[in-house]
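Chain A is the first sequence line, chain B the second, and so forth, proteins listed ahead of strands; every chain is numbered from 1. Since we're looking at a predicted model, the values are computed, not measured.
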Amino acid sequence: MSGSKTNGDHTSDTSEVTVPPNFIRYIIEEDMATGKYDGRVVTRFPPEPNGYLHIGHAKSICLNFGLSREYNGTCHLRFDDTNPGKENIEYVNSIQEDVKWLGFNWNDHLYFTSDYFDRLFEYAVQLIQMNKAYVDSQSAEQIRENRGTLKEPGSNSPYRNRTVAENLALFQKMKNGEFDEGACVLRARIDMASPSIIMRDPTLYRIRKLDHHRTNDQWCIYPMYDFAHCLSDSIEKITHSLCTLEFKNNRELYDWILDALDVYHPQQIEFARLNLSYTVLSKRKLIELVQQNHVSGWDDPRMPTISGLRRRGYTPASVRNFCERIGVAKRDSTVDVALLEYCIREDLNKTAPRVMGVLNPLRVVIENFPEDLTEEMDAVNNPEDPTMGSRKIPFSKVLYIEQDDFMEDPPKKFFRLGPGREVRLRYAYFITCTDVIKDDSGKVVELRCTYDPATRGGDAPDGRKVKATLHWVSAQHAASAEVRLYENLFEAENPAAADDFKATLNDNSVRILKDCKLEPGLGSAEPGFRCQFERLGYFCADIKDSAPDNLVFNRIVTLRDMWAKIKKQQKK
RNA sequence: UGAGGGUUAGUGUAGUGGUAUCACGACGGGUUCUGGCCCCGUUAACAUAGGUUCGAAUCCUAUACCCUCAGCCA
């Protein structure tokens with residue numbers, strides 16, 4: 001499943017968090033107790049294949065598949081493909097890939113609304129025969145005008161009283177392609193004066209002379225969501241049809257259609273969609289970011305899409321845990337993106353091997369270390385998991401440390417290296433800075449240090465302590481890599497609230513570092529390999545751009561950073 | 001009220017007449033060869049106003065605020 005150098009995708013054993021109770025589970029338990037559906041639980045995830053899945057869909061996926069698993073039911077994957085103008089096969093493929101990656105399995109329950117087009121047509125005919133639907137020949141504009149407003153009732157279409165026979169014939173002609181697009185639609189005959197606008201003779205079928213990605217040119221009329229969705233649920237004997245809050249108003253119509261046709265009747269239950277701070281989750285906005293090249297594509301590591309999270313280095317388990325932790329309720333809410341970051345740190349802390357890598361190298365020469373000697377130092381692979389063993393790291397006279405780990409004039413609470421100071425090099429020796437070398441502009445370009453041979457391995461026999469331990473890499477042995485540092489794509493906590501959400505894009509959302517120095521073992525890292533660069537964060541070899549001879553690492557998330565907080569406070 | 005939903009610490013969430021839950025965050029401390037992890041502690045909430053009740057986040061009434069709906073999108 002995963003290569004020798006990849007980790008986490010399908011094997012992560014991070015224990016799933018306990019699912020807190022929620023109102024949907026209470027409904028299901030009640031239904032189980034009363035035998036409403038003979039103890040069955042059948043849910044479905046019904047994406048329209050018109051875009052890539054994002055973290056908000058992950059919430060729905062985890063909910064539907066999770067609930068069905070919990071109650072020994074089934075969960076269907078159904079593509080709601082009723083609008084050929086917007087949908088295509090690229091999206092149906094990516095959606096399946098993403099659901100699988102998240103760790104869910106629909107088994108043989110893969111369905112397409114388009115598979116039901118014949119039956120849906122028959123249901124529409126039945127409605128006409130019952131005099132509960134009619135063909136309206138008004139234009140779209142006329143229909144809009146006659147719908148009324150939020151406060152005023154609508155008025156009846158002049159075509160509302162066509163006979164059953166007339167409607168049947170007209171609907172057949174629509175199907176046969178004898179009308180142009182827009183010439184007429186099929187409408188439910190409900191009530192143009194209904195206080196609920198949804199119920200003012202909603203459109204059931206419209207004419208679209210477009211090839212469909214599955215049915216090709218077989219149809220030129222396509223059912224609307226409200227007609228297709230409830231009947232698809234009914235056909236599949238869904239028990240609990242979960243959807244987001246904005247469909248609450250549509251439930252009245254969902255129920256009306258199923259009641260009118262007197263068919264199997266699932267119950268629709270609405271929950272609040274996910275909002276995440278510092279990100280946008282509307283399909284329209286995400287597609288805009290892609291099309292206007294604000295990001296490199298749907299799978300740009302800064303995107304909240306499943307494919308973006310995957311490429312960034314998130315594990316499926318971390319996304320699932322996130323979806324459990326955020327809970328399910330009916331009120332609009334915005335989850336702090338810090339929770340998502342917590343979830344990936346939690347997972348990777350337990351599973352990711354530790355490694356040393358220097359992002360912004362500062363050359364260090366150990367003056368009293370032999371010129372051509374290389375020592376092998378023992379390093380623990382993961383202090384959280386002894387079974388992950390240890391490795392050898394070469395140590396030699398010329399090293400790199402992080403530029404941030406040295407200050408010529410250290411402020412209070414800066415524990416790292418400075419002139420005359422002694423620190424520990426992780427798994428190696430104590431070193432003391434004896435000299436600072438600068439270029440003409442005054443920039444520090446090299447440090448001269450001495451090491452204490454007695455501290456090999458990292459402990460001083462005389463018991464003396466140092467306040468800091470630094471990561472390092474041997475210059476002559478280091479592997480070079482490009483490292484991409486990511487931050488939030490947006491600076492605004494709620495970009496969608498801005499006049500133009502793109503104006504709140506973060507200019508620093510990606511920073512590319514070219515000649516980073518990594519410990520030599522990383523030279524063979526396969527794409528998808530995740531690890532912790534000690535003291536810096538969790539990183540993942542890019543699944544598209546990285547190769548063993550051309551390393552590219554994405555920073556998934558930083559480590560929690562106390563020093564960064566102290567620095568911030570000191571600035572104030 | 002045109003109609004339908006919603007409102008519990010900074011954020012998310014539990015609670016369904018009997019001590020307001022848990023998590024994230026923030027803050028402080030301990031531990032530490034990662035300023036990580038881990039451990040301990042602090043912080044901080046029932047939208048408002050009435051009512052019922054021995055007792056109300058929970059039941060009732062009113063008010064305020066937020067969200068959704070006027071696609072031949074989903």
Next on the checklist: Distance check needed: B/C69 C1' versus A/Arg251 CZ, whole Å only.
Outcome noted: 15 Å

Checklist entry - Which part of the nucleic acid does A/Phe247 contact within heavy-atom distance under 4.0 Å: base, sugar-phosphate only, or nothing? => result base

Item to check | Check: A/Gln268/A/Glu270 side-chain N/O donor and acceptor closer than 3.5 Å | outcome: yes

Next on the checklist: What contact category does A/Asp336 fall into here, base, sugar-phosphate, or nothing, at under 4.0 angstrom with non-hydrogen atoms?
Outcome noted: sugar-phosphate

Checklist entry - Are A/His212 and A/Phe117 an aromatic pair by the rule of ring centers under 6.0 Å? => result yes

Next on the checklist: Taking donor-acceptor contacts at under 3.5 Å, does the side chain of A/Glu246 reach the base of B/G5?
Outcome noted: no

Checklist entry - Contact class for A/Leu559 (heavy atom, under 4.0 Å): base, sugar-phosphate, or nothing? => result base

Checklist outcome for this item: Picking from B/U13, B/G35, B/A74, the nucleotide nearest the side-chain atoms of A/Ile566 would be B/G35

Checklist entry - A/Trp563 stacking on B/G35: centroids under 5.5 Å, ring planes under 30°? => result yes

Checklist entry - Which is true for A/Glu141 with a 4.0 Å heavy-atom rule: it touches a base, it touches only sugar-phosphate, or it touches nothing? => result nothing

Checklist entry - CZ of A/Arg144 versus C1' of B/C72: gap in Å, rounded? => result 11 Å

Next on the checklist: Base, sugar-phosphate or nothing for A/Ile207? Non-hydrogen atoms, less than 4.0 Å.
Outcome noted: nothing

Item to check | Any donor-acceptor N or O pair under 3.5 Å, side chains A/Arg424, A/Thr455 | outcome: no

Next on the checklist: By the 4.0 Å heavy-atom rule, please label A/Tyr205 as base, sugar-phosphate, or nothing.
Outcome noted: nothing

Next on the checklist: Should the side chain of A/Arg345 and the base of B/G36 be counted as holding a donor-acceptor pair, with the cut-off at 3.5 Å?
Outcome noted: no

Checklist entry - How close or far is atom C1' of B/C67 from atom CG of A/Asn249, stated in whole angstroms? => result 10 Å

Checklist entry - Contact class for A/Glu270 (heavy atom, under 4.0 Å): base, sugar-phosphate, or nothing? => result nothing

Next on the checklist: Between P on B/G4 and CH2 on A/Trp256, what's the gap in Å once rounded to a whole number?
Outcome noted: 20 Å

Next on the checklist: For A/Phe171, run the side chain to side chain contact (heavy atoms under 4.5 Å, CB included) check against A/Asn176, A/Ile128, A/Leu204 and tell me which one passes.
Outcome noted: A/Ile128

Checklist entry - Which whole-number value in Å describes the distance from A/Met356 CE to B/G36 P? => result 18 Å

Next on the checklist: Regarding A/Pro46, tell me which of base, sugar-phosphate or nothing describes its non-hydrogen contacts under 4.0 Å with the strands shown.
Outcome noted: nothing

Next on the checklist: Can you confirm whether the side chains of A/Glu487 and A/Tyr278 place a donor and an acceptor under 3.5 Å from each other?
Outcome noted: no

Next on the checklist: What contact category does A/Phe415 fall into here, base, sugar-phosphate, or nothing, at under 4.0 angstrom with non-hydrogen atoms?
Outcome noted: base

Checklist entry - With a 4.0 Å cut-off on heavy atoms, is A/Lys413 in touch with a base, just the backbone sugar-phosphate, or nothing at all? => result base

Checklist entry - Which part of the nucleic acid, if any, lies within contact of A/Thr334, taking any heavy atom under 4.0 Å across all strands shown: a base, the sugar-phosphate backbone alone, or nothing? => result sugar-phosphate

Next on the checklist: Under 3.5 Å, is there any donor-acceptor pair linking the side chain of A/Arg325 to the base of B/U13?
Outcome noted: no

Next on the checklist: Over all strands shown, is A/Asp459 touching base, sugar-phosphate only, or nothing at heavy-atom distances under 4.0 angstrom?
Outcome noted: base

Checklist outcome for this item: The glycosidic conformation of B/G71, counting syn as within 90° of 0 and anti otherwise, is syn

Checklist entry - How far, in whole Å, is B/C54 from B/A45 if one measures between their P atoms? => result 29 Å

Checklist entry - On a whole-Å scale, what distance lies between the P atoms belonging to B/U58 and B/U52? => result 15 Å

Next on the checklist: Rounded to whole Å, please give me the gap between NZ in A/Lys467 and C1' in B/G35.
Outcome noted: 11 Å

Checklist entry - With sugar-phosphate meaning primed atoms plus P, OP1 and OP2, does A/Met224 contact a base, only sugar-phosphate, or nothing at under 4.0 Å between heavy atoms? => result sugar-phosphate

Checklist outcome for this item: Per atom distances to the A/Gln532 side chain, the nearest of B/G71, B/A74, B/U34 is B/U34

Next on the checklist: I need the single residue from A/Arg160, A/Arg189, A/Arg147 that forms a side-chain hydrogen bond (donor to acceptor under 3.5 Å, both in side chains) with A/Asp201. Which is it?
Outcome noted: A/Arg160

Checklist outcome for this item: From CG of A/Leu253 across to P of B/C73 the rounded distance in Å is 15 Å

Checklist entry - Rounded to the nearest Å, what distance is computed from the CG atom of residue A/Asp136 to the P atom of nucleotide B/C72? => result 11 Å

Item to check | Ring centres under 6.0 angstrom apart (A/Phe227, A/Tyr254) | outcome: no

Next on the checklist: Mind checking if A/Asn250 touches a base, just sugar-phosphate, or nothing, with heavy atoms under 4.0 Å?
Outcome noted: base

